[in-house]
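All chains are named by letter (A, B, ...) in the order of the sequence lines, taking the proteins before the strands, and each is independently numbered beginning at 1. Heavy-atom basis, side chains included; hydrogens, waters and symmetry copies ignored.
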There are 2 protein chains.
Amino acid sequence: MDARLQDLRYFIAVAEELSFTRAASDRLFISQPALSKQIRQLETCLWVTLFDRDRRTVTLTAAGAALLPRARRIIELWEQARQETAEASATEQAILTVGFQTRIGRGLIPAVTDRLAEDLPNWRLLFRQVPWSDPSIGLAKGEVDVAITWLPLPRDTGLSWRVIATEQRWVALPPGHRLARRNAIPFADLVDEPFIALPASAGPLREFWLAAADRPRPATVAAEAETAEETLEAVAAGLGMALLPAGNVEIYQRDDVVYRPVHGLSPGELGVAWRGPDRRDAVRVFVNSCIGCFCGPD
Amino acid sequence: MDARLQDLRYFIAVAEELSFTRAASDRLFISQPALSKQIRQLETCLWVTLFDRDRRTVTLTAAGAALLPRARRIIELWEQARQETAEASATEQAILTVGFQTRIGRGLIPAVTDRLAEDLPNWRLLFRQVPWSDPSIGLAKGEVDVAITWLPLPRDTGLSWRVIATEQRWVALPPGHRLARRNAIPFADLVDEPFIALPASAGPLREFWLAAADRPRPATVAAEAETAEETLEAVAAGLGMALLPAGNVEIYQRDDVVYRPVHGLSPGELGVAWRGPDRRDAVRVFVNSCIGCFCGPD
DNA sequence: GGGCATCCATAACCGCAGGCTATAAGAACT
DNA sequence: AGTTCTTATAGCCTGCGGTTATGGATGCCC
């Protein structure tokens with residue numbers, strides 16, 4: 001059972017005032033019993049108690065403290081959604097949703113934004129992060145219109161793609177690792193090391209970032225991670241190492257992980273993908289912009 | 001008037017199926033008229049039409065396309081909030097909300113997270129970005145418990161702080177600018193250039209990043225920006241230049257902006273701030289962790 | 001072209017949720 | 001002990017979110 005957005009506002013008001021009476025009369029302009037009832041209902045809907053009421057004072061429980069910042073964020077996003085929806089309605093602006101998994105960087109976003117401002121003046125880009133567990137990067141479910149992703153994509157899913165950049169693969173190591181003293185590492189020296197892998201649900205990308213094709217025997221998978229941050233956290237903790245594209249080294253710079261180039265591996269290919277049957281102009285222009293960014297002026 | 005979260009689910013279902021009948025019977029298990037009525041109500045609540053119904057087919061309007069990804073995000077956050085609230089309730093985990101304005105970087109987050117895992121095992125950190133327009137970084141309104149911010153803070157607002165790092169100020173320029181050929185630039189050479197400023201509502205930080213104290217006459221403000229990305233966008237577009245701390249150069253690397261050190265300016269101070277009267281252990285430990293990260297092992 | 005199927009809108013109806021007022025009950029302070 | 005402040009409970013009513021039944025427009029098929 002879902003709550004109403006209003007209930008979240010009620011909750012926030014009580015959490016900030018730490019008083020049902022004051023929140024009800026001063027901020028929400030409803031009666032105190034009504035507010036008590038709604039909060040109680042929110043609590044039963046979430047199966048937790050949000051406030052400790054000891055007859056005189058009200059305090060947040062751990063659950064309440066956990067919900068508060070998230071409730072604020074949801075309300076904030078809702079306000080934003082209302083506003084931008086009204087705006088889109090007024091200007092008839094269309095939205096192209098771009099999926100990505102790890103941070104893109106490489107100056108791609110501003111460059112593409114600029115190009116699209118010329119070619120598709122009333123389209124706006126909206127970026128949406130998709131977990132590795134969706135190998136179609138949200139394209140299959142229609143959550144995004146186009147996606148920036150590392151190849152390969154799963155086959156026979158009706159997805160089309162073009163390569164927009166090619167980069168050597170590097171490896172992420174904990175700073176104390178013996179191999180971290182080397183400037184560059186042949187992949188042969190890594191085949192017996194434990195690796196942090198993408199989840200199995202990530203499809204062919206899991207094999208690619210384990211470099212399964214270049215191994216004499218299956219990789220030792222020390223842990224699986226759902227996000228890039230999780231992966232690096234695991235690397236920093238010394239659980240294992242992980243491959244990543246050269247361009248991400250700069251993006252994910254941190255002082256508890258070091259990065260070294262690996263040779264003897266085929267490079268990684270960054271691509272732009274879309275649903276094959278989707279022949280909209282905006283999609284075509286977006287794809288061409290992505291390609292032009294790297295194959296053009298450089 | 002607020003919608004219910006359920007209405008957003010209804011909207012998403014119709015937007016994905018592009019059919020009221022199918023969405024109602026196959027996915028939502030309600031009657032089609034009920035669904036039509038709810039969508040209509042959502043439309044009147046937002047003052048826009050979300051779907052074009054031409055008697056036979058249903059298509060998204062521009063407003064609908066704008067709302068769709070945002071509605072998905074809100075639902076996603078809600079699911080997450082439910083889950084993490086339940087989790088916090090089960091483990092009695094407490095939450096310390098950390099406010100920030102620009103990206104923090106510098107390895108601070110993982111380092112502090114590690115230290116807190118030892119000293120406060122059942123506290124978790126939650127990060128929350130706050131716009132420049134709030135000079136108290138959300139502390140005043142209670143939106144955050146502690147904040148990582150550049151100094152100075154506004155005076156007489158009951159905020160306490162400690163310095164955790166000191167960095168030279170650099171300047172961001174468009175790559176074609178005549179000063180971009182220099183390796184380092186005396187601030188005296190910049191006083192007559194147009195600058196991108198923080199909004200007036202940002203309080204004393206606006207003056208600090210304009211280096212108002214080091215100018216013989218008031219700065220020329222070419223534009224105001226609400227976020228770091230907006231600032232760099234304006235710099236890339238050639239509207240003006242902007243100062244930033246040395247450590248942010250790496251974080252905000254992009255190929256349409258170049259960064260150069262500036263000499264003749266006092267350095268910027270990165271601080272950790274909290275509400276003076278807030279004497280909770282967790283706050284004290286967090287503050288000490290931040291300080292220790294830079295003044296400790298390095 | 002007429003009949004049929006499909007799909008959305010409208011109408012009429014019903015039960016419960018969300019609001020109200022009035023009041024009870026516990027805690028702290030005088 | 002009495003006063004005051006605060007939350008909880010009880011009972012009531014309106015309106016909203018659901019239902020079924022039906023109408024009207026469009027496309028398809030024979």
If we only count heavy atoms from C-beta on, is the [X] to [Y] side-chain gap below 4.5 Å?
{"X": "B:Trp161", "Y": "B:Leu151", "result": "yes"}
{"X": "B:Ile12", "Y": "B:Arg72", "result": "yes"}
{"X": "B:Leu120", "Y": "B:Phe286", "result": "no"}

Touch class at under 4.0 angstrom, heavy-atom based, for [X] against every strand present:
{"X": "A:Tyr10", "result": "sugar-phosphate"}
{"X": "A:Thr57", "result": "nothing"}
{"X": "B:Arg4", "result": "sugar-phosphate"}

> Can a donor-acceptor pair be found between the side chains of A:Glu87 and A:Thr91 at a distance below 3.5 Å?
Replying inline: no
Atom-pair distance ([atom1] on [X]; [atom2] on [N]), nearest Å:
{"X": "A:Gln32", "N": "C:dG18", "atom1": "CD", "atom2": "C1'", "answer": "15 Å"}
{"X": "A:Asp2", "N": "C:dA17", "atom1": "CG", "atom2": "P", "answer": "15 Å"}
{"X": "B:Glu17", "N": "C:dC7", "atom1": "CD", "atom2": "P", "answer": "12 Å"}

> So does B:Arg53 get a side-chain nitrogen or oxygen closer than 4.0 Å to the phosphate oxygens (OP1/OP2) of C:dA9?
Replying inline: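 Checking B:Arg53 against C:dA9: at least one side-chain N or O falls below 4.0 Å of OP1 or OP2.
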> Is the distance between the ring centroids of A:Tyr10 and A:Phe20 under 6.0 Å?
Replying inline: no
> Checking side-chain hydrogen bond (donor to acceptor under 3.5 Å, both in side chains) against B:Ser36, which of B:Gln38, B:Gln32, B:Arg40 comes through?
Replying inline: B:Gln32
>> Closer than 4.0 angstrom, basic N to acidic O: yes or no for A:Arg82 and B:Asp2?
In response: yes
>> Below 4.0 Å from chain B heavy atoms, what is the first contacting nucleotide of DNA chain D and what is the last?
In response: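 Contact boundaries, 5' end first: D:dG17 to D:dG27.
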> In residues 33-42 of chain A, which residues come under 4.0 Å of DNA chain D by heavy atom?
Replying inline: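 When residues 33-42 of chain A is checked for heavy atoms under 4.0 Å from DNA chain D, the hits, listed by number, are A:Pro33, A:Ser36, A:Arg40.
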>> Can you tell me how far apart CG (A:Asn288) and CG (A:Asp119) are? Round to the nearest 0.5 Å.
In response: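 Atom-to-atom, A:Asn288:CG and A:Asp119:CG are 9.0 Å apart.
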